[in-house]
Amino acid sequence: MSDASAPAVSNFLREIVARDIAEGKHKVPVTRFPPEPNGYLHIGHAKAMCINFGIAQDFGGHCNLRFDDTNPAKEEQEFIDSIQADVRWLGFDWGKNLFFASDYFETLYQWAEHLIRNGNAYVDDQSAEETRINRGTLTEPGKPSPFRERTVEENLDLFRRMRAGEFPNGARVLRAKIDMAAGNINLRDPVLYRIIHTHHPRTGTTWCIYPNYDFAHGQSDALEHITHSLCSLEYEDHKPLYDWLLAHLPVPSHPRQYEFARLNMTYTLLSKRHLTRLVQGKHVRGWDDPRMPTLAGLRRRGVPPAALVDFVKRVGVARANSVVDIAMFDACVRELLNKTASRYMGVLRPLKVVIENYPEGQVEELDAVNNPEDPSAGGRKVPFSRELYVEQDDFMENPPKKFFRLSPGKEVRLRYAYFVTCKEVVKNDQGEVVELRCTYDPASRGGNSPDGRKVQATLHWVSVAHAKTAEVRLYNPMFNRPDPASAEDPLTELNPASLEVIEAKLEPALESAEVGKAVQFERLGYFTRDPDAGLVFNRTVGLRDTYAKA
RNA sequence: UGGGGGAUCGUCUAACGGUAGGACCGCGGACUCUGACUCCGCUAGUCUAGGUUCGAAUCCUAGUCCCCCAGCCA
């Protein structure tokens, strides 16, 4: 077991595995994480990984990484590479157990012939359109194909010629011969093989016929001696076919399929088709745009993998469809980052402050704590001088009752520095506040007044002369509605303000911030330096703000 | 209306015939050199109607609502 101190996670899948082991069905579980390399992994895949790798780890088994690469029309090497990187980033290790469904193409082909020889499959010449019509409807049975009763010899000949490349795409398919009247439509002679004259990222042009999901998945599971094939709910209807194929083929093992509900989150779209549209339509900067729910996007936004794993653990596993509040995700990110992120000061929307009684040209290096949650994180020096920036939100000329921050005549603390009092407000021709004239109390150096007087607020600040200008990218929900997936077209629900780019002033230490490492801008949120050139930061998540809510 | 699933605080999830519990959100309060964090407290739920039982979220019956399936996608 991984961590004896952690509360034991339990769910119906783990109960099934535990029971099977207790009953001696298996010594250890063997699971698999089977992505199709047709896009980037997203947070929904994180759930599947936590389940499959997690169960394998905790019960002493192993989890294979298997690419379900049975449709070369959609798959690319780029995705094979990114998926492996993302699995590792999340913290999972498949060891030597890296597989591809395409590794089994020859075996699968032989098994297809096996089906034909036993009269369990036939080559169908109907067009896709005819096949669809003859499949029947949800309430009416299908009609048998006119080619359903071909002889074994003819089927074998045709299937071999399909393999040999004699026919164009769509000319013929291989279908299992099951039951055209079945209530479960997956059993109405499902297609097993189709002709696709396309380059495959791994097998090149070796093949022009490809098994589809149903013919590849269960058999791949069997070949890898998977004990528990864990998939999402929509495959429930495929299980009878999964079992039928295993029962009619000389497979080395008979895995069992179990289904769980996939992850959904408010304001989040997880359909690969739509994510692909977002990328291709340039609505985002790419698969790793920090607004994307992809692992690459979350990583770039600064979300630590451990927060993702924690989130999946908290969400749990069940068989009921559900939509998790994105607030739960944010909470996981904040909880982890609060413990680990170093604190800095940065001003997002600068308002200049001049300390009138502070000597011109003087600079003091003041002591700041890096992380109050972690003494081992140490401290640093922050330069203070006569001219500073504070946050525009931290000043109000006519403050309401509960406004603790700066206003005319009010004294506040500048963090780690001094108490200052606002004496005068400078405005431009438009009447906008452009500068504050303040005085400071030299006795309050470091942030406390010897006379013990208190202030209601502590403000973050940056010295004008020492400030580093940075581009800061603020991310807001990508969609206007919490359930973008149920919109006619989710892309019409895009939030135009999902990305806000501002020019911020940061304390000098931030200039050497590491790309990808999360930091806290005090009182604002968690930020991570972006890999883009220059000083660029992404907001990972804001701090809770109980004042703004009130 | 065929087949397959599912309904527990606002949200996610426990309970396996025996006190409906936790987390997130929300709301109070304490603390605070981050209106953060932390701590304390509060709010709030078994889809409906019957039945079995000493006792039902759990078992039975009948409903209601929701999701998935008619790709040569996975």
Side-chain angles (χ1 to χ4, degrees), chain A residues 7 10-11 15 34-36 38 68 70-71 73-74 124 126-128 131-133 135-142 169-175 181-188 190-196 209-210 212-214 216-217 231-240 259 261 263 265-266 272-273 311 313-332 334-335 338-339 343 345 368-369 372-373 402-405 413-417 419 446-448 454-460 520-525 542-550:
Chain A
S10 184
N11 55 57
E15 286 178 9
E36 182 189 14
N38 68 343
D68 243 337
T70 58
N71 186 356
K74 292 187 173 181
D124 193 346
Q126 293 182 106
S127 67
T131 306
R132 183 177 61 77
I133 291 165
R135 184 153 28 229
T137 68
L138 294 179
T139 51
E140 298 161 314
N169 289 355
R172 295 176 218 268
V173 293
L174 182 73
R175 298 178 73 177
N184 182 343
I185 291 175
N186 291 302
L187 262 19
R188 320 242 263 229
V191 170
L192 268 21
Y193 266 88
R194 70 284 211 213
I195 300 169
I196 305 175
I209 58 170
Y210 292 89
N212 66 359
Y213 167 84
D214 287 304
H217 202 96
C231 60
S232 45
L233 250 27
E234 66 264 32
Y235 292 102
E236 234 172 330
D237 290 344
H238 292 251
K239 182 151 56 183
E259 312 84 15
L263 177 70
M265 275 203 287
T266 55
K272 217 180 266 182
R273 182 178 141 247
F311 170 66
K313 188 185 290 179
R314 288 199 213 186
V315 163
V317 184
R319 281 178 65 84
N321 289 116
S322 61
V323 183
V324 180
D325 191 334
I326 190 100
M328 200 183 297
F329 175 75
D330 291 345
C332 293
R334 286 194 196 102
E335 185 178 300
N338 175 52
K339 294 183 205 131
R343 272 64 168 171
M345 291 194 287
V369 173
E373 305 285 327
K402 298 280 262 183
F403 188 79
F404 299 156
R405 285 106 99 149
R413 171 168 41 233
L414 295 180
R415 187 145 162 94
Y416 299 126
F419 283 12
N448 283 303
K454 301 286 185 197
V455 288
Q456 280 183 298
T458 300
L459 272 40
H460 59 280
Q520 184 190 103
F521 289 2
E522 293 214 44
R523 304 210 301 135
L524 297 173
L543 254 28
R544 281 183 77 230
D545 186 351
T546 47
Y547 172 71
K549 274 172 185 161

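Side chains are part of it too, since the values below use all heavy atoms of this structure and drop only hydrogens, waters and symmetry mates. Numbers restart at 1 for each chain; the letters A, B, ... are given by sequence-line order, proteins then strands.
With a 4.5 Å cut-off on side-chain heavy atoms, A/N448 and A/R413 count as touching. Considering only heavy atoms from C-beta on, A/I185 comes within 4.5 Å of A/R188 through its side chain. For the pair A/V369 and A/R343, the minimum side-chain heavy-atom distance is 4.5 Å or more. Side-chain contact between A/N184 and A/E236 is absent, with no heavy-atom pair separated by less than 4.5 Å. Counting only heavy atoms from C-beta outward, the side chains of A/V315 and A/L263 approach each other to under 4.5 Å. Proximity of A/L524 to A/H460: side-chain heavy atoms (C-beta onward) are separated by under 4.5 Å at one or more points. With a 4.5 Å cut-off on side-chain heavy atoms, A/K239 and A/E259 count as touching.
When the P atom is used for both B/rG21 and B/rU46, the distance is 13 Å, rounded to whole Å. B/rA70 and B/rG45 have their C1' atoms separated by 38 Å, given to the nearest Å. Separation of the P atoms belonging to B/rU8 and B/rC67 is 14 Å when rounded to the nearest angstrom. Across the C1' atoms, B/rA56 and B/rA20 are found 12 Å apart, a figure rounded to whole Å. Using P as the reference atom, B/rG6 and B/rU61 are 15 Å apart when rounded to the nearest Å. Comparing the P positions of B/rU11 and B/rU52 gives a spacing of 33 Å, expressed to the nearest Å. Atom P of B/rG55 sits at a distance of 37 Å from the matching atom of B/rG3, rounded to the whole Å. For the P atoms, the distance from B/rU48 to B/rC69 is 29 Å, rounded to whole Å.
Atoms CD1 (A/I326) and C1' (B/rC12) sit 13 Å apart, rounded to a whole Å. A/E15 has its CD atom 13 Å from the C1' atom of B/rU13, to the nearest Å. The nearest whole Å value for the distance from the CG atom in A/L524 to the P atom in B/rC37 is 14 Å. Across the protein-nucleic acid pair, A/D330 atom CG and B/rA23 atom C1' stand 15 Å apart, rounded to whole Å. In this structure, CG of A/N321 is placed 15 Å from C1' of B/rU13, rounded to the nearest angstrom. Between the CZ atom of A/F311 and the P atom of B/rU13 there is a distance of 11 Å, rounded to whole Å. Rounded to an integer number of Å, the gap from CZ of A/R523 to P of B/rU34 is 9 Å. Atoms CG (A/L543) and P (B/rC37) sit 7 Å apart, rounded to a whole Å.
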Dot-bracket line, read 5' to 3' along RNA chain B, where crossing pairs take [ ] and | marks a partner on another strand, Watson-Crick or G-U under 3.5 Å: .((((((..((((....[..)))).(((((.......)))))....(((((..]....))))))))))).....

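Atoms OG1 and CD, on A/T131 and A/Q126 in that order, are 4.5 Å from each other to the nearest 0.5 Å. Atom-to-atom distance recorded for A/T70:OG1 and A/H217:NE2 is 10.0 Å, nearest 0.5 angstrom. If you take CG on A/N321 and CG on A/L233, they are separated by 5.5 Å, rounding to the nearest 0.5 Å. The distance from atom OG1 of A/T266 to atom CG of A/D325, rounded to the nearest 0.5 Å, is 4.5 Å.
A/R314 comes within 4.0 angstrom of the backbone, heavy atoms only, and of no base. A/V369 comes within contact range of no nucleotide atom at all, as no heavy-atom separation falls under 4.0 Å. Contact annotation for A/K339: no contact, since no heavy-atom pair falls under 4.0 Å across all strands. Residue contacts for A/P372: at a heavy-atom cut-off of 4.0 Å it reaches a base atom on one of the strands shown. Among the protein residues, A/R188 comes within range of no part of the nucleic acid, since none of its heavy atoms lies under 4.0 Å from any strand.
Note on A/R405: every side-chain N or O is 4.0 Å or more away from OP1 and OP2 of B/rG35.
In this structure B/rG71 sits in the syn conformation; its chi angle is within 90° of 0.
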Nucleotide N/O to protein N/O under 3.5 Å, stretch nucleotides 44-47 of chain B:
none

Close N or O pairs between protein and nucleotides 7-11 of chain B (under 3.5 Å):
unit_1: B/rU11; atom_1: O3'; unit_2: A/V323; atom_2: O; d: 3.2
unit_1: B/rU11; atom_1: O2'; unit_2: A/V323; atom_2: O; d: 3.1
unit_1: B/rU11; atom_1: O2'; unit_2: A/D325; atom_2: N; d: 3.4

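Remark: A/K74 pairs with no residue by the salt bridge (Lys or Arg N to Asp or Glu O under 4.0 Å) rule, at least two apart or across chains. Remark: A/A457 pairs with A/F404, A/R405, A/V412, A/L459 by the side-chain contact (heavy atoms from CB on, under 4.5 Å) rule, at least two apart or across chains.
A/R194 and A/N212 make their closest contact through NH1-CA, 3.3 Å (heavy atoms, listed as atom of the first residue, atom of the second, distance).
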Generate the contact string for nucleotides 68-74 of chain B. Rules: B means base contact, S means sugar-phosphate contact only, - means no protein heavy atom under 4.0 Å. BBBSBSB

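Counting only distance, with no hydrogens or angles, the side chain of A/D68 and the backbone of A/Y213 share no donor-acceptor pair below 3.5 Å. Between the A/N11 side chain and the A/G316 main chain, no donor and acceptor come within less than 3.5 Å of each other.
Mapped onto RNA chain B by nearest heavy atom, A/K454 and A/V315 fall at different nucleotides, with A/V315 at the one closer to the 5' end. Along RNA chain B, the nucleotide closest to A/R544 and the one closest to A/T458 are compared, and the more 5′ of them pairs with A/T458.
In the interface, the side chain of A/Q520 is paired with the base of B/rU34 through a donor and an acceptor atom under 3.5 Å apart.
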